[in-house]
Amino acid sequence: MPELLEIEYYRRAAGAGLDREIAKVVADDHHFLKNGTTPEAVKAALGGARFTTARRVGKVLYLDTDHGEVLSLRFGMTGRLIVDDSAVIDRLEYSPRRDEPKWDRFLVRFADGGSMRVQDPRRLGGVELDPDESVLGPDAWEIDAPMLTNVIGTSVTAIKTRIMDQSRLAGIGNLLADDGLWRSGIAPTRAANSLSAAEVADLALALHETLRQLFERGGSHMGDTQEERHKDGVCPRDGASLQRTKVGGRTSYWCPIHQV
DNA sequence: CTCGACTCCTGTTAGC
DNA sequence: TGCTAACAGGAGTCGA
């Protein structure tokens with residue numbers, strides 16, 4: 001599913017949609033417009049405008065316009081950004097691979113005939129005009145031990161839940177969290193404030209490396225444990241049967257031997 | 001403020 | 001073969 005890495009691919013793809021006059025906006029799915037954003041407002045804001053910058057914080061893509069408004073795109077679990085009908089990602093975990101027009105939830109057509117659209121079969125993503133950008137924590141791409149220490153604070157909640165809290169650390173989703181925890185040998189269920197300073201440093205480094213390696217491999221679904229995310233999955237490191245546990249409402253796969 | 005539980009959303013798939 | 005129920009997880013809301 002789209003996590004920080006996928007949104008970064010989308011951000012780069014959005015570069016092809018910059019500085020092109022917007023001729024038409026199709027935003028008829030009210031459910032996909034968030035926080036009071038209306039189709040009329042989006043059309044008024046974008047009509048005749050151009051996107052000037054594509055920025056990313058965590059899993060959110062921000063498109064600035066030359067009229068001053070900012071458009072935010074969230075991709076939920078199955079959302080893709082498609083510019084000029086070429087999808088930068090054709091294989092999205094847990095999402096169908098087809099390009100069905102009925103899954104287009106938001107579309108911008110440029111005056112030159114091209115387009116940029118968000119395709120999201122499950123409609124868990126969303127579009128918002130002039131969003132509050134302060135609701136997100138620091139971007140996880142730059143994570144290091146001091147940042148992770150701040151993220152953890154004194155919280156007693158499960159460490160996995162904490163690093164997935166977008167208001168404290170932006171960009172980590174279920175797959176990146178599981179892979180980082182697996183690499184650092186820390187159980188997802190551990191109370192966040194029970195990690196030693198050394199463990200916090202290990203986890204920060206593991207997440208840092210996970211982000212960079214999986215970006216090179218092609219996405220958050222390219223983790224070392226991905227192929228074992230099923231019943232009967234085994235740990236690639238020591239062969240133990242992986243535990244399947246709900247943590248913070250998310251399915252977590254982890255090794256009961258080396259993750260403690 | 002913190003944190004867990006619940007809910008929404010819909011295509012795919014396991015299982016009968 | 002065809003159907004149903006479970007499943008996937010990002011994110012918002014609510015209540016203790």
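Chain letters run A, B, ... following the sequence lines, proteins first, then strands; residues in each count from 1. No hydrogens, no waters, no symmetry mates; every other heavy atom, side chains included, goes into these values.
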Assign each of Arg250(A) and Asn35(A) to its nearest nucleotide of DNA chain C by heavy atoms, then name whichever residue's nucleotide is nearer the 5' end.
Arg250(A)
Quiz item: Arg122(A) side-chain donor-acceptor pair to dA8(C) base, under 3.5 Å
yes
Respond yes when some side-chain nitrogen or oxygen of Ser155(A) is under 4.0 Å from OP1 or OP2 of dC3(B), and no when none is.
yes
Can you tell me the distance, in whole Å, between the CG atom of Leu5(A) and the P atom of dG10(C)?
12 Å
Compare side-chain N and O positions of Thr251(A) against OP1 and OP2 of dA8(C) and report whether any pair is under 4.0 Å apart.
yes
Take Thr154(A) and Lys102(A), find for each the nucleotide of DNA chain B with the closest heavy atom, and name the residue whose nucleotide sits nearer the 5' end.
Thr154(A)
Whole-Å distance separating the CD atom of Glu3(A) from the C1' atom of dG10(C):
10 Å
Between Trp103(A) and dT10(B), is there a side-chain N or O to OP1/OP2 distance below 4.0 Å?
no
Which atom pair, heavy atoms only, marks the closest approach of Leu63(A) to Ala14(A)?
CD2-CB, 4.2 Å
Spacing between Asn174(A) atom CG and dA11(C) atom C1', to the nearest angstrom:
13 Å
Any donor-acceptor pair under 3.5 Å linking the side-chain atoms of Thr210(A) with those of Arg183(A)?
yes
Verify whether the ring centers belonging to Phe75(A) and Tyr10(A) lie closer than 6.0 Å.
yes
So, is Thr157(A) close to the dG4(B) phosphate, meaning a side-chain N or O under 4.0 Å from OP1 or OP2?
yes
Lys34(A) side-chain N/O to dA11(C) phosphate OP1/OP2 under 4.0 Å
no
I need the CG-P distance between Asp104(A) and dG11(B), as an integer number of Å.
13 Å
Any idea which of dG4(B), dC9(B), dC7(C) is nearest the Arg123(A) side chain?
dC9(B)
What's the closest nucleotide to the side chain of Met164(A) if the choices are dG10(C), dC9(B), dA11(C)?
dG10(C)
In whole Å, I'd like the distance from the CD1 atom of Ile152(A) to the P atom of dT2(B).
15 Å
Using whole Å, report how far NZ of Lys231(A) lies from C1' of dA6(C).
14 Å
Can you check whether His208(A) and Trp141(A) have ring centres sitting under 6.0 Å from each other?
no
Round to a whole Å and report the spacing from CE of Met77(A) to C1' of dA8(C).
3 Å
Verify the contact: side-chain N or O of Arg105(A) to OP1 or OP2 of dC9(B), cut-off strictly under 4.0 Å; return yes or no.
no
Counting distance only, does the side-chain N/O of Thr161(A) pair as donor-acceptor with the main-chain N or O of Thr157(A) below 3.5 Å?
no
Once you round it to whole Å, what is the distance between C1' of dA11(C) and NE2 of His31(A)?
11 Å
